[in-house]
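Notes for the one structure printed next.
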Amino acid sequence: MFALVDCNNFYASCERVFHPSLLGKPIVVLSNNDGCVIARSNEAKALGVPMGAPAFEYAQLFKEKGIQVFSSNYELYGDMSSRVMSTLATFTPDIEVYSIDESFLKFNGFDVHFDLEAHALKMVQTVKQHTHIPVSIGLAPTKALAKVANKIAKKFPERTNSVYVIDTEEKRIKALKWTKIEDVWGIGRQHSKRLKALQIHTAYQFTQLHDDWVRKHMTVQGLRLKHDLQGVSSIDFETVQPKQSIAVTRSFETMYTAKADIAERVATFVASCGEKLRKQNSHANVVMVFLYSNFFRKDLPQHRGFITMKTPYPTNSTFELNRLVQEGLSKIYKSGISYKKAGVIVTDLTTAEAYQLGLFESENPKHVELLQTVDALNTRYGQVVKFANNDLKRRWKMKQMQLSKRHTTSWNELLEVS
DNA sequence: TCTGGGGTCCTAGGACCC
DNA sequence: TCTGGGGTCCTAGGACCC
């Protein structure tokens, strides 16, 4: 049996842990630069705030309805997430952390000795007690069915106590008939459009299609999903693996035209990419840079620059990566354009064990030691060492009008109780 | 004025090999 | 007029997830 544990309205719930007076009140959390709504409490959903709503279009509604607005505070959410996950890990040795707010848990052979539903109810309580984060749990013989069960638990919290189990054929069919096709895990906009055109409206109808049709139009991924929904476990349980690509991309708080401004921002992205690479002990073989004008400003000339470069040897040196990235930036930069977004992506990553020396060139060994020291200092003291090509005065600043405190990760921002 | 960020997997088709 | 067969590797792009 698999359990899918999902935190309810995770970012909104994190904010409420430290603002308990907001329990039962509508709140939303905004994306970087306070751009769009990326999390909503149930109350905010009920007031008609859609996912992804541009904040400026809804400012009036927030005010009228007394909806509390927060800027996103990833340091807080990341820390709360690891607290939830480590609590869950005490319930089973097999845990797949699927996203910041979701985990799959495997209970091999547990059903023989345990009442799994009672076990899950205990999990909900324990997570609540340890972190104050509300979670919902779906239990089923496959991952896709656990997702379905989770949706039911979340939709009917009173009747289910936030735990729902699909453990009989009757319950499986009933659940699938209840699930709309567009709500199925792995079926997005394109697939549900095509399926609806064929009068397939529920997950159950989807499972009645022929394997060949599903394989042809939805690849093997679609076929695995179908089998999973039929109760035959076909989607792998994945243990932690290093990332295959790492990206740092940002929209700018304002539009930039000068190359020097963009070069500085991009150098900062590279520094962050390098740090993430070294953290998971990987080296990049390919690095990409992109630079976009403001897509929403149809009145301005548009330009989308993108370039992919091979590194001369596998590297995680911020210096080497930046040399390439700045070279690439010169090739894609066009003057007279107002730029709104840029990013750096490293990919084709190799792990340290598979590290292959270049034939003619290799990493400057001094960089390795230097960067190790930089990382160690930054980990210990919190981003105290920066590269000279980064904006040391921090002229640019993300728009974050409603940022909450980093209560759990910064001594200076502890919650005060009076 | 204002519109997020970071990932994964799969396939078709071209380039290349013998 | 007419032009083999069987592979591998790589990449761009599409689809999806949170």
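Residue numbering restarts at 1 for every chain, and letters A, B, ... go by the order of the sequence lines. What you are looking at is a predicted structure, and each value in this text was computed from that prediction instead of being measured.
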Can I get a per-line list of side-chain donor-acceptor pairs under 3.5 Å for residues 284-296 of chain A, giving both atom names and the distance, sequence neighbours left out?
{"from": "Asn285(A)", "atom 1": "ND2", "to": "Asp348(A)", "atom 2": "O", "distance (Å)": "2.7"}
{"from": "Asn285(A)", "atom 1": "ND2", "to": "Thr350(A)", "atom 2": "OG1", "distance (Å)": "3.4"}
{"from": "Ser293(A)", "atom 1": "OG", "to": "Gln302(A)", "atom 2": "OE1", "distance (Å)": "3.1"}
{"from": "Ser293(A)", "atom 1": "OG", "to": "His303(A)", "atom 2": "N", "distance (Å)": "2.9"}
{"from": "Ser293(A)", "atom 1": "OG", "to": "His303(A)", "atom 2": "O", "distance (Å)": "3.2"}
{"from": "Asn294(A)", "atom 1": "OD1", "to": "Phe296(A)", "atom 2": "N", "distance (Å)": "3.1"}

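- For the pair Asn316(A) (side chain) and Asn281(A) (backbone), a donor-acceptor distance under 3.5 Å is absent.
- The separation between Ile345(A) atom CD1 and dA12(C) atom P is 12 Å, rounded to whole Å.
- Among the candidates Lys340(A), Arg265(A), Lys341(A), the single residue satisfying the salt bridge (charged side-chain N to carboxylate O under 4.0 Å, His left out) test with Glu253(A) is Arg265(A).
- With rounding to whole Å, Asp236(A) atom CG is found 16 Å from dC17(C) atom C1'.
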### Summary
Under a 4.0 Å heavy-atom criterion, the protein footprint on nucleotides 1-11 of chain B, written with B, S and -, is -BBSSSSSBSS
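- When side chains are defined from C-beta on, Arg215(A) counts as touching Val220(A), because their heavy atoms get closer than 4.5 Å.
- Put simply, CG on Leu223(A) is 16 Å from P on dC16(C), counting in whole angstrom units.
- In the region residues 182-189 of chain A, proximity to DNA chain C at under 4.0 angstrom, judged on heavy atoms, holds for Val184(A), Trp185(A), Gly186(A), Ile187(A), Gly188(A), Arg189(A).
- Counting all heavy atoms, side chain and backbone alike, Ser272(A) lies closest to Val248(A) at OG-CG2, 3.5 Å.
- Remark: of the listed residues Trp185(A), Phe2(A), Phe237(A), Trp185(A) is the sole one forming a ring pair (Phe, Tyr, Trp, His ring centres under 6.0 Å) with Phe104(A).
- The backbone N or O of Ser335(A) sits nowhere less than 3.5 Å from a side-chain atom of Lys259(A) that would complete a donor-acceptor pair.
- Here the shortest heavy-atom pairing between Gln230(A) and Thr207(A) reads NE2-O, 3.2 Å.
- A cation-pi geometry, defined here as NZ or CZ lying under 6.0 Å from the six-membered ring centre and within 45° of its normal, holds between Lys171(A) and Tyr164(A).
- Considering only residues two or more places apart in sequence or on other chains, Glu43(A) meets the salt bridge (charged side-chain N to carboxylate O under 4.0 Å, His left out) condition with Arg16(A).
- The NZ atom of Lys151(A) lies 5.0 Å from the CG atom of Asp183(A); values are rounded to the nearest 0.5 Å.
- Using a 4.0 Å heavy-atom criterion, one finds that Lys193(A) contacts no nucleic acid atom at all.
- Heavy atoms from other residues, nucleotides or ligands lying under 6.0 Å from NZ of Lys65(A) number 12 at most.
- Consecutive Watson-Crick or G-U pairing (both distances under 3.5 Å) extending over three or more pairs maps onto DNA chain B as B:5-18 with C:5-18.
- A donor-acceptor contact closer than 3.5 angstrom links the side chains of Asp79(A) and Thr408(A).
- Residues from residues 97-105 of chain A that place a heavy atom under 4.0 Å from any atom of DNA chain C, listed by number: Tyr98(A), Ser99(A), Asp101(A), Glu102(A).
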